[in-house]
Amino acid sequence: MGKYRRFVIASFIGLAAQKNYGQKDFALLEKNNNYRANGLYHELNKTKDTLILKGDKKITYVYSINKEYKREIDTYAGTNEFKVSLKHLSKGKHMFVVDQSPLKIIFVIKILHDRPKPISDGEIKITAIESKKD
(Lines give C-alpha, C1' and ligand atoms only; values in the text may rest on other atoms or scores of the structure.)
Protein backbone atom coordinates (compact mmCIF):
# COMPACT_ATOMS: atom_id res chain seq x y z
CA MET A 1 0.00 0.00 0.00
CA GLY A 2 2.92 2.34 0.71
CA LYS A 3 4.31 2.03 -2.85
CA TYR A 4 0.94 2.90 -4.37
CA ARG A 5 0.57 5.97 -2.15
CA ARG A 6 4.08 7.20 -3.05
CA PHE A 7 3.35 6.65 -6.74
CA VAL A 8 0.13 8.70 -6.57
CA ILE A 9 1.84 11.53 -4.66
CA ALA A 10 4.79 11.58 -7.08
CA SER A 11 2.41 11.62 -10.06
CA PHE A 12 0.44 14.51 -8.60
CA ILE A 13 3.61 16.53 -7.92
CA GLY A 14 4.89 15.78 -11.42
CA LEU A 15 1.68 16.91 -13.10
CA ALA A 16 1.52 20.08 -10.98
CA ALA A 17 5.13 20.94 -11.85
CA GLN A 18 4.48 20.32 -15.55
CA LYS A 19 1.46 22.61 -15.51
CA ASN A 20 3.35 25.39 -13.72
CA TYR A 21 6.59 25.24 -15.69
CA GLY A 22 5.71 23.46 -18.92
CA GLN A 23 3.76 26.10 -20.82
CA LYS A 24 4.87 29.62 -19.96
CA ASP A 25 3.47 32.66 -21.73
CA PHE A 26 5.35 33.78 -24.82
CA ALA A 27 4.05 37.36 -24.83
CA LEU A 28 1.95 39.84 -22.85
CA LEU A 29 -0.41 42.38 -24.37
CA GLU A 30 -1.02 45.81 -22.88
CA LYS A 31 -4.21 46.91 -24.62
CA ASN A 32 -5.17 50.41 -25.68
CA ASN A 33 -8.20 51.32 -23.59
CA ASN A 34 -8.94 54.64 -25.28
CA TYR A 35 -12.59 54.93 -26.33
CA ARG A 36 -11.49 55.84 -29.87
CA ALA A 37 -9.71 52.48 -30.15
CA ASN A 38 -12.95 50.54 -29.60
CA GLY A 39 -13.19 49.89 -33.34
CA LEU A 40 -10.09 47.67 -33.21
CA TYR A 41 -10.16 44.23 -31.58
CA HIS A 42 -6.60 43.32 -30.62
CA GLU A 43 -5.90 40.10 -28.72
CA LEU A 44 -3.37 37.29 -28.58
CA ASN A 45 -4.31 33.74 -29.54
CA LYS A 46 -4.34 30.88 -26.98
CA THR A 47 -0.64 30.08 -27.36
CA LYS A 48 0.13 33.82 -27.23
CA ASP A 49 2.44 33.74 -30.24
CA THR A 50 0.12 35.45 -32.74
CA LEU A 51 -1.55 38.86 -32.60
CA ILE A 52 -5.12 38.89 -33.93
CA LEU A 53 -6.41 42.21 -35.26
CA LYS A 54 -10.02 42.79 -36.33
CA GLY A 55 -11.54 46.14 -37.13
CA ASP A 56 -14.81 47.65 -38.22
CA LYS A 57 -12.76 49.78 -40.64
CA LYS A 58 -10.02 48.58 -42.95
CA ILE A 59 -6.62 48.06 -41.28
CA THR A 60 -4.22 49.62 -43.76
CA TYR A 61 -0.80 49.33 -42.11
CA VAL A 62 0.81 47.52 -39.14
CA TYR A 63 4.31 48.08 -37.76
CA SER A 64 6.19 47.53 -34.52
CA ILE A 65 9.03 49.47 -32.96
CA ASN A 66 11.36 47.65 -30.56
CA LYS A 67 13.38 49.07 -27.66
CA GLU A 68 16.21 50.00 -30.04
CA TYR A 69 13.79 52.05 -32.20
CA LYS A 70 13.98 49.58 -35.11
CA ARG A 71 11.01 48.23 -37.03
CA GLU A 72 10.82 44.45 -36.83
CA ILE A 73 7.34 44.25 -38.35
CA ASP A 74 6.48 46.63 -41.16
CA THR A 75 3.64 45.42 -43.34
CA TYR A 76 0.65 46.56 -45.36
CA ALA A 77 -2.57 44.80 -44.32
CA GLY A 78 -5.41 46.21 -46.42
CA THR A 79 -8.13 44.05 -44.78
CA ASN A 80 -10.51 44.13 -41.81
CA GLU A 81 -8.88 41.06 -40.22
CA PHE A 82 -5.14 40.52 -39.90
CA LYS A 83 -2.88 38.12 -37.99
CA VAL A 84 0.71 38.91 -37.04
CA SER A 85 3.14 36.18 -35.97
CA LEU A 86 5.20 37.21 -32.93
CA LYS A 87 7.68 34.33 -33.12
CA HIS A 88 10.27 36.35 -35.02
CA LEU A 89 10.34 39.33 -32.66
CA SER A 90 13.25 39.90 -30.32
CA LYS A 91 12.84 39.65 -26.55
CA GLY A 92 11.62 42.86 -24.90
CA LYS A 93 9.04 45.59 -25.34
CA HIS A 94 7.50 46.31 -28.75
CA MET A 95 5.19 49.19 -29.50
CA PHE A 96 2.66 48.30 -32.21
CA VAL A 97 1.05 50.91 -34.41
CA VAL A 98 -2.08 49.96 -36.36
CA ASP A 99 -3.19 52.44 -38.99
CA GLN A 100 -6.96 52.50 -39.33
CA SER A 101 -7.64 55.69 -41.27
CA PRO A 102 -7.80 58.34 -39.88
CA LEU A 103 -6.65 56.79 -36.55
CA LYS A 104 -3.33 55.33 -35.48
CA ILE A 105 -3.95 52.94 -32.60
CA ILE A 106 -0.94 52.21 -30.41
CA PHE A 107 -0.46 49.38 -27.90
CA VAL A 108 2.42 47.43 -26.36
CA ILE A 109 3.40 43.77 -26.55
CA LYS A 110 6.16 42.39 -24.33
CA ILE A 111 7.98 39.33 -25.66
CA LEU A 112 9.08 37.23 -22.68
CA HIS A 113 11.28 34.62 -24.38
CA ASP A 114 14.06 34.70 -26.94
CA ARG A 115 13.41 33.68 -30.51
CA PRO A 116 13.53 29.96 -31.17
CA LYS A 117 16.92 29.10 -32.62
CA PRO A 118 16.82 27.54 -36.07
CA ILE A 119 18.48 24.19 -36.43
CA SER A 120 21.43 24.37 -38.80
CA ASP A 121 22.57 21.49 -40.96
CA GLY A 122 25.79 21.11 -39.00
CA GLU A 123 24.01 20.20 -35.76
CA ILE A 124 22.04 17.23 -37.10
CA LYS A 125 23.86 14.04 -37.94
CA ILE A 126 21.94 11.16 -39.46
CA THR A 127 23.51 7.78 -39.80
CA ALA A 128 22.10 4.81 -41.62
CA ILE A 129 22.63 1.31 -40.38
CA GLU A 130 22.50 -1.48 -42.89
CA SER A 131 20.82 -4.59 -41.57
CA LYS A 132 21.47 -8.01 -42.97
CA LYS A 133 18.59 -10.39 -43.46
CA ASP A 134 19.36 -14.09 -43.61
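- We find the CD1-OG1 distance between I59 and T75 to be 11.5 Å, quoted to the nearest 0.5 Å.
- Contact between Y76 and Y61 at its shortest, heavy atoms only, is CA-CD1, 3.9 Å.
- Within the 3.5 Å criterion, the main-chain N or O of K57 finds a donor-acceptor partner in the side chain of Q100.
- Put simply, CD1 on I109 and CD on E30 are 10.0 Å apart, with the number rounded to the nearest 0.5 Å.
- Considering CD1 of I52 and NE2 of H42, their distance stands at 12.5 Å, rounded to 0.5 Å.
- When every heavy atom of H94 is checked against every heavy atom of L89, the shortest pair comes out as NE2-CB, 3.9 Å.
- Rounded to the nearest 0.5 Å, atoms CG (L86) and OG1 (T47) are 9.0 Å apart.
- Annotation for K31: atom NZ counts as buried by contact number, over 12 foreign heavy atoms lying within 6.0 Å.
- Residues F96 and V84 are in side-chain contact: their nearest non-hydrogen atoms beyond the backbone lie under 4.5 Å apart.
- Residues I111 and N66 have side chains not in contact (no heavy-atom distance under 4.5 Å, counting atoms from C-beta outward).
- Among the candidates L51, L28, T50, D49, the single residue satisfying the side-chain contact (heavy atoms from CB on, under 4.5 Å) test with L44 is L51.
- The nearest pair of heavy atoms linking F26 to K87 is CZ-CA, 4.0 Å.
- For the pair N32 and F107, the tightest heavy-atom approach, listed with the atom from each and the gap, is N-CB, 4.0 Å.
- Side-chain atoms of D56 and Y41 include no donor-acceptor pair closer than 3.5 Å.
- Interatomic distance, L53 CG to E81 CD, rounded to the nearest 0.5 Å: 10.0 Å.
- In terms of heavy atoms, A37 sits closest to I105 at CB-CG2, 3.8 Å.
- S90 OG to E68 CD: the interatomic distance, rounded to the nearest 0.5 Å, is 6.5 Å.
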